[in-house]
Amino acid sequence: MSSSNLAVVAEGLRKRYGDTYALDGFDITIPQGTVCGLLGPNGAGKTTSVRILSTLLRLDGGRAEVAGYDVARRPDQVRKRIGLVGQSAAVDEVLSGYQNLVMFGRLYHLGTTAAKVRATEMLQQFRLADTGNKPVKAYSGGMRRRLDLAASMLLAPAVLFLDEPTVGLDPRSRNEVWQCIRDLVGMGTTVLLTTQYLDEADQLASQINVIDTGRVIAEGTPSELKSRIGGDRIEFVVHDQHELGRGAAAVSRLGIAEPVIDEDKRQIGVQVADKSTALPEAVRLLDEAGIAIDDMTLRRPTLDEVFLHLTGHHAERRAEKADEEVTA
Ligand code: ATP
């Protein structure tokens with residue numbers, strides 16, 4: 001299994017807490033220099049898998065190699081080659097960004113001069129050069145996360161584990177963190193990213209593994225996963241809310257599933273097999289039925305719809321809550 005172009009390989013991982021299997025036959029393979037998004041609802045086993053792969057937790061069964069080394073037999077070698085950004089910030093609030101990075105460099109056994117040089121480079125790379133001398137308590141959430149990323153990348157690890165790196169950040173900060181992650185991958189780093197934000201996985205990951213109750217239940221590129229539930233979506237906004245039922249009935253024969261009505265948006269959604277014939281036909285049918293349309297869109301399924309299809313529930317409940325907390 002130690003294929004040279006794979007940065008992470010895990011087979012049949014098991015981890016048990018009492019009667020609960022946090023991981024129950026978890027498999028994953030991640031090619032070097034790519035981002036793998038590990039998506040799953042609360043309690044699915046995301047953090048447990050990251051903790052096992054980063055050698056913080058012992059596995060009860062299965063095996064895993066990270067950066068070419070077995071996590072159970074050679075944890076020392078694995079640790080030299082990985083970085084980890086957990087859910088809570090590891091940086092010191094009172095120190096400046098620069099001082100934090102020098103401190104981390106010293107903890108990682110860099111000499112004083114080397115730690116200072118590396119700290120300066122990292123501030124530059126993570127777009128913190130202008131604020132490097134300010135205390136971290138003056139930083140925004142996004143700046144702190146970028147400083148976390150910088151600290152975890154001080155030794156230029158081959159594999160970086162990011163456990164929900166943008167939870168609670170506002171959209172602009174999330175974009176900044178995403179850009180830093182893209183830069184890292186551009187330089188060859190392999191990233192395993194756990195997230196409940198579907199758009200985050202869509203934006204960053206070339207491969208997505210959906211995890212539920214301790215095992216991977218689906219994997220593929222974002223596009224492949226969207227194709228799995230089949231078809232495109234045509235959505236109509238009707239002018240008169242009372243026409244929703246009649247409109248859905250008019251277009252129902254075009255759909256490969258029952259049309260879905262959203263009363264608040266005055267919208268009818270139809271999943272169709274062939275958009276090129278279904279779209280003009282739907283317009284004709286609604287026109288024939290005398291139903292006025294305010295708007296019409298054609299789109300592919302979202303990852304959240306894929307997630308709902310696979311797991312029976314939406315992925316972003318907690319993520320939305322975190323956004324509300326930030327904007328409140
Ligand atoms: P979240 O997004 O909420 O962090 P997760 O996908 O990361 O969820 P894990 O934290 O890996 O999930 O937890 C997987 C399961 O294992 C859950 O049922 C959780 O309650 C359980 N679990 C995790 N850590 C422990 C522990 N130290 N003791 C007992 N049970 C645990």
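Read the numbers this way: they start at 1 and go in the same order the structure lists the ligands and their atoms.
Here Ser49 has no heavy atoms under 4.0 Å from ligand 1, in either its backbone or its side chain.
Listed by atom number, the atoms of ligand 1 under 4.0 Å from Ala44 heavy atoms are 5 (P), 6 (O), 12 (O). Close approach of ligand 1 to Glu164 is summarised as follows: ligand atoms under 4.0 Å from at least one heavy atom of the residue are 2 (O). Within the listing of ligand 1, atoms 14 (C), 15 (C), 16 (O) sit less than 4.0 angstrom from a heavy atom of Ala22. Using a 4.0 Å cut-off to heavy atoms of Pro41, the atoms of ligand 1 that qualify are 6 (O). Close approach of ligand 1 to Lys46 (heavy-atom distance below 4.0 Å) involves ligand atoms 2 (O), 5 (P), 6 (O), 7 (O), 8 (O), 11 (O), 12 (O).
Between the side chain of Arg146 and the main chain of Val177, no donor-acceptor pair closer than 3.5 Å is present. With hydrogens and angles disregarded, no donor-acceptor distance shorter than 3.5 Å links the side chain of Thr131 to the backbone of Lys134.
Dense packing is recorded around CD of Gln179, with more than 12 heavy atoms of other residues, nucleotides or ligands lying under 6.0 Å away. No more than 12 heavy atoms of other residues, nucleotides or ligands lie within 6.0 Å of OH in Tyr21, so this atom counts as exposed by the packing criterion.
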For this session: Determine, step by step, whether Leu149 and Leu160 satisfy the side chain to side chain contact (heavy atoms under 4.5 Å, CB included) criterion, reporting the C-alpha distance in whole Å, the side-chain angles of both residues, the deciding distance to 0.1 Å, and the verdict.
Result: CA-CA 9 Å; Leu149 278 175; Leu160 181 62; 4.1 Å; yes
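Any N or O atom pair closer than 3.5 Å counts here, and Gly45 shares at least one such pair with ligand 1. An N or O contact shorter than 3.5 Å links Thr48 to ligand 1 by distance.
Side-chain polar atoms of Gln207 and Thr34 form no donor-acceptor pair below 3.5 angstrom. If you check the side chains of Thr194 and Asp163, you find a donor sitting under 3.5 Å from an acceptor.
Here atom 4 (O) of ligand 1 lies nearest to Thr47 when heavy atoms of Val50, Thr213, Thr47, Asp212 are compared.
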